[in-house]
Amino acid sequence: MTGDDSIAGPIRWQQAVIQRIVAQTPRIVSVFLQAPLARGVAGQHVDVRLTADDGYQAQRSYSIASPPGGDVFELAIERLGDGEVSPYFHEIARPGDTIEVRGPIGGHFIWRAPDGGPVMLVGGGSGVVPLVAILRDWLTTEPKTPVLLVHSARTWEELAFRDELLDHEERHSEFTFVAITTRGPRKRATDFERRLAPSILLEVMMRWGFTPRHVYVCGSNAFVEAADTSLVAQSVPTAIIRTERYGGAG
């Protein structure tokens, strides 16, 4: 993960208790942790540290999926085959286990209600996680602002938070959800079944009917580069595009 960490909660490590673990997709699980973190801002992340019996430590950063506030927060963690931390949450972790966390951290890839909109969110794979946090915060603070979320994954089954996003679109007229599947058929006529390209974003933006004031792009390096290039090709100013990059598959 990259970005400006000028906004941060307590930097000290503290204990967090795993409340529950819920499968999002075959590769992603939501981990609900209880810890006395600062309120934070939608789009931030936390650092997670695991310590083995022999004292070896591994540390990774994960975006927060839940909106700011509360003492239980949600991480959505993609399993990486060569990862040191993600396999723990998929194979070993159980409710009641304790890990170390610090945060929330991050001052670049964030959104607050006063920032307004319209807001365009573009996520690849697990890169949708901080975008979901922004969307959830939007639902309770600024639901009259138009929001568009474009989410790309290999298949329909690998679209994390898919059912929640579909439900929000049905209930909130100002929210638009577009799914892109690169290795599987689309389920709706409004979605796409090929890799992200300038033509897709052009069609989506024309259909949406709004000029974005803020754009957030999150995913793998390759995905972010493709999305950024596609947005610039549609004359979206680079000054309004914020990006976050992850090591997971996009």
Side-chain angles (χ1 to χ4, degrees), residues 1-112 123 125-141 160-161 164 218-219 244-248:
M1 178 183 300
T2 61
D4 174 13
D5 291 344
S6 59
I7 293 180
I11 59 172
R12 64 182 178 84
W13 291 99
Q14 50 190 313
Q15 298 294 306
V17 179
I18 297 176
Q19 297 293 303
R20 57 193 175 104
I21 300 174
V22 179
Q24 283 285 347
T25 74
R27 295 163 54 91
I28 298 174
V29 294
S30 280
V31 181
F32 294 84
L33 299 166
Q34 184 170 23
L37 297 182
R39 177 177 174 82
V41 184
Q44 291 183 302
H45 65 274
V46 295
D47 292 337
V48 172
R49 184 168 70 184
L50 304 179
T51 303
D53 293 339
D54 62 3
Y56 177 78
Q57 292 184 326
Q59 176 183 325
R60 293 293 183 272
S61 298
Y62 293 108
S63 286
I64 302 170
S66 46
D71 63 351
V72 175
F73 61 99
E74 178 185 0
L75 308 179
I77 299 175
E78 179 183 8
R79 192 192 193 290
L80 303 180
D82 58 351
E84 288 189 301
V85 174
S86 64
Y88 165 79
F89 292 102
H90 284 256
E91 301 171 4
I92 301 172
R94 296 292 184 270
D97 290 350
T98 300
I99 62 173
E100 291 181 286
V101 299
R102 66 178 178 184
I105 302 169
H108 169 69
F109 200 81
I110 59 173
W111 179 87
R112 302 180 181 88
S126 59
V128 76
V129 178
L131 309 183
V132 168
I134 291 173
L135 176 65
R136 289 170 169 176
D137 193 32
W138 165 84
L139 285 168
T140 60
T141 61
F161 301 99
E164 177 182 342
C218 188
E244 194 89 286
R245 301 165 191 266
Y246 285 77

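Side chains included, hydrogens not; waters and symmetry mates left out as well; all remaining heavy atoms used.
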Where do [X] and [Y] come nearest, in terms of heavy atoms and distance?
| X | Y | answer |
| --- | --- | --- |
| Arg20 | Val22 | NH1-CG2, 3.6 Å |
| Ser86 | Leu80 | OG-N, 3.0 Å |
| Gly40 | Pro68 | O-CB, 3.6 Å |
| Pro36 | Gln14 | CG-OE1, 3.2 Å |
| Val29 | Ala23 | CG1-CA, 4.1 Å |
| Pro104 | Val46 | CA-CG1, 4.2 Å |

Exercise for the section: Show your working on side chain to side chain contact (heavy atoms under 4.5 Å, CB included) between Val41 and Arg112 and close with a plain yes or no. Expected result: CA-CA 7 Å; Val41 184; Arg112 302 180 181 88; 3.7 Å; yes
Just how far is it from atom [atom1] of [X] to atom [atom2] of [Y], taken to the nearest 0.5 Å?
| X | Y | atom1 | atom2 | result |
| --- | --- | --- | --- | --- |
| Ser63 | Tyr246 | OG | OH | 2.0 Å |
| Ile99 | Arg49 | CD1 | CZ | 11.5 Å |
| Tyr88 | Ile18 | OH | CD1 | 4.0 Å |
| Thr141 | Trp111 | OG1 | CH2 | 4.0 Å |
| Ser66 | Leu75 | OG | CG | 7.5 Å |
| Gln24 | Glu78 | CD | CD | 12.5 Å |

Problem - Within 6.0 Å of CG in Asp54, more than 12 heavy atoms from elsewhere - result: yes
Problem - side chain to side chain contact (heavy atoms under 4.5 Å, CB included) between Arg60 and Val48, worked out - result: CA-CA 5 Å; Arg60 293 293 183 272; Val48 172; 5.5 Å; no
Exercise for the section: Could you tell me whether the side chains of Tyr62 and Glu74 share a donor-acceptor contact shorter than 3.5 Å? Expected result: no
Would you say that [X] contacts [Y] through its side chain, given a criterion of any heavy-atom pair below 4.5 Å between the two side chains?
| X | Y | answer |
| --- | --- | --- |
| Leu33 | Val101 | yes |
| Gln59 | Trp13 | yes |
| Phe32 | Pro95 | no |

Exercise for the section: Flag the pair Arg12 and Glu100 as a salt bridge only when some basic side-chain nitrogen lies within less than 4.0 angstrom of an acidic carboxylate oxygen. Expected result: no
Practice task
Go through Ile105 and Gln44 one step at a time and tell me if the side chain to side chain contact (heavy atoms under 4.5 Å, CB included) criterion holds.
Solution key: CA-CA 6 Å; Ile105 302 169; Gln44 291 183 302; 5.8 Å; no
Practice task
Please check if the side chain of His45 supplies one atom and the backbone of Pro130 the other of a donor-acceptor pair under 3.5 Å.
Solution key: no
Handout entry: Asp137 side-chain N/O to Ile134 backbone N/O, donor-acceptor pair under 3.5 Å
Key = no
Practice task
Apply side chain to side chain contact (heavy atoms under 4.5 Å, CB included) to Arg102 and Leu37, showing your working.
Solution key: CA-CA 8 Å; Arg102 66 178 178 184; Leu37 297 182; over 6 Å; no
